Trainee: 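Before we start, here is the structure in question, set down as structure tokens.
Here the structure is a predicted model, which is why all the values come from computation and not from measurement.
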Amino acid sequence: MLTALDREFYARDTIIVAKELLGKLIVREINNGLICAKIVETEAYIGDHDPASHSFGRITERNKIMYGPAGYAYVYFIYGNYYCFNAVTGNECEGNAVLIRAAEIIEGKELALGHRKLTSGSHEIANGPAKLCIALQIDKKFNGHNLTNEGELFVAAGEETKKSDIISTKRIGISKGTDLPYRFIVKGNPFVTKHRHNNFVSNSKNK
DNA sequence: TTGGTGATGTTT
DNA sequence: AACATCACCAAA
């Protein structure tokens, strides 16, 4: 039985949490089925001074979850069609979160393929934040969901990702805050979002 | 294999 | 009016 990560894991520096989420397992229980996915790509959104963050500016109906305690899901609707899944991190009232951008399906691949309306494939099931939400059936009903209980949706420890295997790049799909290297991927992993930034390799100089 | 574009509706 | 995206199609 998999155990959910506790709130202390999330209630730390957002950059550290974003890196350490690589390799962790998203566990999604749907009726009788189970999907388990290894996180391979994340992005950090840092409080109300990060111009790309939804928490930039003041507290609104949409972003208020980000200002709550760490360890809860922040799920938002985007581009009229899609959802994106974040974990709230850091200290309460700061407005930090980590966007989960891509994952490798470890278990329940057939189920995930069905959700994505695909008949085959593996790399492209969840190599993007909205694709991941479709594959795992995460929608706005999970906004504010507690990720530290073993329920329908939680995150559990997986394999450790070696610090030397973590690469940081610029974030994708935003027009502000593009200079910040707050996107983290597992080096050489084929399940990450297809993007030119994958080539601008810079080591993330971990302590 | 790459790049450009339209669909879609919530939020500000 | 902008938007933390994706699927599709055309060109090469």
Trainee: Out of dT2(B), dA4(C), dT8(B), which has the shortest distance to the side chain of Asn86(A)?
Mentor: dA4(C)

Trainee: Under 3.5 Å, is there a donor-acceptor pair between the side chain of Asn149(A) and the main chain of Gly151(A)?
Mentor: no

Trainee: To the nearest angstrom, how far is Asn127(A) atom CG from dC6(C) atom P?
Mentor: 8 Å

Trainee: To the nearest Å, how far apart are Leu180(A) CG and dA4(C) C1'?
Mentor: 13 Å

Trainee: Is the phosphate of dA2(C), meaning OP1 or OP2, less than 4.0 Å from a side-chain N or O of Ser175(A)?
Mentor: no

Trainee: Test the Arg171(A)-Tyr45(A) pair against the cation-pi criterion, namely NZ or CZ under 6.0 angstrom from the six-membered ring centroid and within 45° of the ring axis.
Mentor: yes

Trainee: So, under a plain 3.5 Å distance rule, would you say the side chain of Tyr79(A) forms a donor-acceptor pair with the base of dA7(B)?
Mentor: no

Trainee: Looking only at atom types and distance, does a side-chain atom of Thr14(A) sit under 3.5 Å from a main-chain N or O of Asn96(A), one as donor and one as acceptor?
Mentor: no

Trainee: dC9(C) pairs with which nucleotide, Watson-Crick or G-U wobble, both distances below 3.5 Å?
Mentor: dG3(B)

Trainee: Within this structure, what is the NZ-to-P distance between Lys194(A) and dA7(C), rounded to whole angstrom?
Mentor: 11 Å

Trainee: Hey, is Tyr45(A) doing a stacking thing with dA4(C), by the 5.5 Å centroid and 30° angle criteria?
Mentor: yes

Trainee: Determine the contact category for Ala52(A): base if any of its heavy atoms lies under 4.0 Å from a base atom, sugar-phosphate if only primed atoms, P, OP1 or OP2 are that close, otherwise nothing.
Mentor: base

Trainee: At under 4.0 Å between heavy atoms, what does Lys117(A) touch on the DNA or RNA strands: base, sugar-phosphate, or nothing?
Mentor: nothing

Trainee: Whole-Å distance between dT11(B) P and Ile59(A) CD1?
Mentor: 16 Å

Trainee: Nearest whole Å is fine: how far is dT11(B) P from His54(A) NE2?
Mentor: 11 Å

Trainee: Within this structure, what is the CG-to-P distance between Asn81(A) and dC8(C), rounded to whole angstrom?
Mentor: 12 Å

Trainee: In Watson-Crick or G-U wobble terms, both distances under 3.5 Å, what is the partner of dA4(C)?
Mentor: none

Trainee: Between dT5(C) and Arg101(A), is there an OP1 or OP2 to side-chain N/O distance shorter than 4.0 Å?
Mentor: yes

Trainee: Under 6.0 Å from the CD atom of Glu160(A), do we count more than 12 heavy atoms belonging to anything else shown?
Mentor: no

Trainee: Under 4.0 Å, counting only non-hydrogen atoms across every strand here, what does Arg116(A) touch: a base, just sugar-phosphate, or nothing?
Mentor: sugar-phosphate

Trainee: Reckon Lys176(A) has a side-chain N or O less than 4.0 Å from the OP1 or OP2 of dC3(C)?
Mentor: yes

Trainee: Just call it for Phe77(A): base, sugar-phosphate, or nothing, with non-hydrogen atoms closer than 4.0 Å on any strand.
Mentor: sugar-phosphate

Trainee: Does NZ or CZ of Arg12(A) come closer than 6.0 Å to the centre of the six-membered ring of Phe9(A), within 45° of the ring's axis?
Mentor: yes

Trainee: Are Tyr74(A) and Tyr72(A) near enough that their ring centres are under 6.0 Å apart?
Mentor: no

Trainee: Hey, does the side chain of Thr60(A) come within less than 4.0 Å of dT12(B)'s phosphate (OP1/OP2), counting only N and O?
Mentor: yes

Trainee: Grab the CD-P distance between Glu124(A) and dT1(B) for me, whole Å please.
Mentor: 12 Å

Trainee: Starting at NZ of Lys131(A) and ending at P of dA4(C), how long is that distance when rounded to a whole Å?
Mentor: 18 Å

